[in-house]
Amino acid sequence: MRTPRQDIPETTQPPGPALPEADEVLIAYKPILNGATIAILMFIAYDFVTRLLFPNPLYDGPMLVMNVVGLATLTFVHFCLRHELSTRQLDLLGGVICLVLFLNSNLQQLLSFEQENLVYSVLMMPVFATLLPRRRSIVIAVAICCVMLGWLVHANLPHMMNDYLSVGFAGVLTSVAIAVIIRNAVVNAVKARLEAVKDRETAEVLAAEARHLAECDALTDLPNRRSFFLALESRLARLRSHGEPFILGLVDLDGFKPVNDTYGHAAGDEMLKTVARRLTGVAGDTAMPARLGGDEFALIAPAPCTRTETVLQLGHRIEAQLSEPYDLGEYTCKGSGSVGLLICDDPQLSTHDLMERADHALYFAKRALQGKAVLFNAALEHEMTASGQIDKALRRCDYEAEFTVKFQPQYDLVKSKITGFEALARWDSPELGTVAPDVFIAAAERAGLIRPLTQVLLGKALAAMADWPEDVALSFNLSAHDLMSPQAMDSVLETVKASGLPASRIEFEITETAMMSDFNQARHAINRISQAGHSVALDDFGVGYSSLQYLQQLPVSKLKIDRSFVSDMLTDSSSFKIVRTMLSLSQTLDLGCVIEGVETEAQMHILRSLGARHVQGYLIGAPMAADDVLPCLTTTLSPRRARPDIAAPAPRQAQA
Ligand code: C2E
Ligand code: CA
Ligand code: CA
């Protein structure tokens, strides 16, 4: 099959170096030689025919033979001139033409001298000067003509030697003048031609470079986004015309941003180049990898077989390659990539539809199975349609009316009291019913609607907080998109200020993933929050990269340990160890720590034994309506003591 790489026009190779000027000049003589050959051929043919018509027994025998030899030789020369010749061969052919002419006109003089035929000996000099390409050959030929003329005059008309000396001299001068004029004209023409060739070559090289720049990504040398979409269009056209299915793959690196932030851009660039090399290796000759931008790559591959397992094998090969360690010069780091795959076999779909499906598979891979390959299937298609409906509903809904905020208590085990509430958004859509917050938050982020939504939710949370006791704080979740927009941050800080509540009572929760997209922008936003007097909690700690760099470089005052570790803590020794390590990490760094998702007394017991102080979860209280917060605070709410017989996993179990 034709490789997709061929869909991209090949960059033109710069043409080979031009011939040296001297050789070019000789080659330019080719048409002159050719013209002269034809003229002399006709002259000899005319001579031959006249001899046949008006025979002269004195000398016609040798002359007819000479004519025939001359005609044959010139025909051969004419034939040779139609082919590619070296400059040496060209010079030789020029000599042969001159020799034929010379012998034809002088043989008759030798056989039967006639004074009026001496004019041919003189005329031959400018003819040779015109014909011969090399100066040296002209000098030799003209000299021979002079000698021949001198000899003929000396032998037959010795008393006219002086007169013919002048004629010979005039012949030489004319030859020199003609040689110079013709040579100059040829040299100038050649120079002009060579310059034109050079200009064309430069233009071709520049055009090739421009094409390369327009089609390839400068860093990785892979086809860029533009080339990729052209290739996708062309593959789709072939699917429609020939029914040839293909595979579309989208690849997104997991953890590229932290590498860039931690080790610098040079290391990040090296990582991207390595990814490009590895993808090219996996793609082989038949597939086309491309870089779409940032840490996003794509692949178009032939699909000789559309069996799910076969297609997934390609994804697994990519996965395996991307999880090999990366040698970044001074550092070596680990990495992985999520892969979304789509079998493109439906000619009804547009490139936009194909990209949307592959992107959804990638989104699923990133969300659920980071570092794995996911093939788009019917379930994902259903999910994609549903998320399309959510997007639509979100665009036309009334935020004030449809969104509410619930509050989940956070409990201090030392003070044995509720010290704050986390605000958690809820959406009851008249169209769709209740939509889960992680679903609609992600949809709002995708649709660029998170900023107004955050404003409405924050306003509602602050309003609810107005009659809370002064020692009860609010934790409010900010989206990564809020942090990335200085205007959104302005609005958030303005809204809190306008509420009149002290900044110290409002904490903002930020997930680690928020830091990944643009660490510097996130740091700037977090510094602003902190300078305004709010505390910042790093949410879902342990799920992402748990980078110490974030903790050291940011004014974070609290870690929130994700509930996934707590739920497994009793059965999974590694979750237990993670919780224990994160608790001691927060103590070492002098940071507060909230353990999320505490559901059972057994969990609470272990956490207490590990020195945990702040907990949140259904055991303390589920997210509640604003009206239930005050009753909850007034009720003496203390989690029951965990059963003493349930302890942390034994060290031996922990090692298992
Ligand atoms: P999160 O910030 O990690 O919120 C904690 C989630 O854990 C909440 O889910 C909460 O209801 C749930 N949870 C609390 N205790 C327990 C427990 O003991 N067991 C279990 N199984 N779950 C518990 P929810 O309300 O569904 O929120 C999900 C996510 O949606 C939140 O995770 C947060 O990332 C996002 N979210 C919610 N509200 C907002 C908001 O106002 N703004 C932003 N940007 N994100 C929000
Ligand atoms: Ca949270
Ligand atoms: Ca959380």
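All ligand and atom numbering here is 1-based and tracks the order in the structure.
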**Prompt:** What protein heavy atom sits nearest atom 18 (O) of ligand 1, and how far off is it?
**Reply:** Tyr618 N, 2.8 Å
**Asked** Would you call Arg505 and Glu470 a salt bridge, using N to O less than 4.0 angstrom?
**Response** no
**Request:** If you have a sec, work out which protein heavy atom is nearest atom 10 (C) of ligand 1 and how many Å separate them, to one decimal?
**Result:** Leu424 CD1, 3.7 Å
**Request:** Measure the distance from atom 19 (N) of ligand 1 to every protein heavy atom, then report the residue, atom name and distance (to 0.1 Å) of the closest one.
**Result:** Glu599 OE2, 2.4 Å
**Asked** For atom 35 (C) of ligand 1, what is the nearest protein heavy atom, given as residue, atom name and distance?
**Response** Ile441 CG1, 4.4 Å
**Request:** Report the member of Glu509, Lys406, Arg426 with the shortest heavy-atom distance to atom 25 (O) of ligand 1.
**Result:** Arg426
**Asked** Can we say Glu381 and Arg357 salt-bridge, meaning some charged N sits less than 4.0 Å from an Asp/Glu carboxylate O?
**Response** yes
**Item:** Single hit among Lys560, Glu596, Arg563 for side chain to side chain donor-acceptor pair (under 3.5 Å) with Gln616
**Value:** Lys560
**Request:** Distance to 0.1 Å, residue and atom name: give those for the protein heavy atom nearest to atom 27 (O) of ligand 1.
**Result:** Pro437 CG, 3.5 Å
**Item:** For atom 42 (N) of ligand 1, the protein heavy atom that lies nearest, with its residue and separation
**Value:** Asn477 O, 3.3 Å
**Request:** State whether Arg528 and Asp490 are salt-bridged, where the test is any N-O pair (Lys NZ or Arg NE/NH1/NH2 against Asp/Glu carboxylate O) under 4.0 Å.
**Result:** yes
**Item:** Top protein contact for atom 12 (C) of ligand 1, by heavy-atom distance
**Value:** Arg563 NH1, 3.5 Å
**Request:** Would you tell me which option among Asp539, Val439, Leu458, Val456 has the nearest heavy-atom contact to atom 2 (O) of ligand 1?
**Result:** Asp539
**Message:** With a cut-off of 3.0 Å, does Asn477 put an N/O/S atom close enough to the Ca ion (ligand 2)?
**Reply:** yes
**Prompt:** Do NZ/NE/NH1/NH2 and the carboxylate oxygens of Arg613 and Asp412 come within less than 4.0 Å?
**Reply:** yes
**Message:** Below 4.0 Å, non-hydrogen atoms only: which portion of Ala425 touches ligand 1? Side chain, backbone, both or neither.
**Reply:** both
**Message:** If the threshold is 4.0 Å, N to carboxylate O, is there a salt bridge linking Lys558 and Glu507?
**Reply:** yes
**Message:** Under a 4.0 angstrom heavy-atom cut-off, which atoms of ligand 1 come close to Asp438?
**Reply:** 30 (O)
**Message:** Closer than 3.0 Å to the Ca ion (ligand 3), what protein N/O/S atoms do you find?
**Reply:** Asp539 OD1, Asp540 OD1, Glu596 OE1, Glu596 OE2
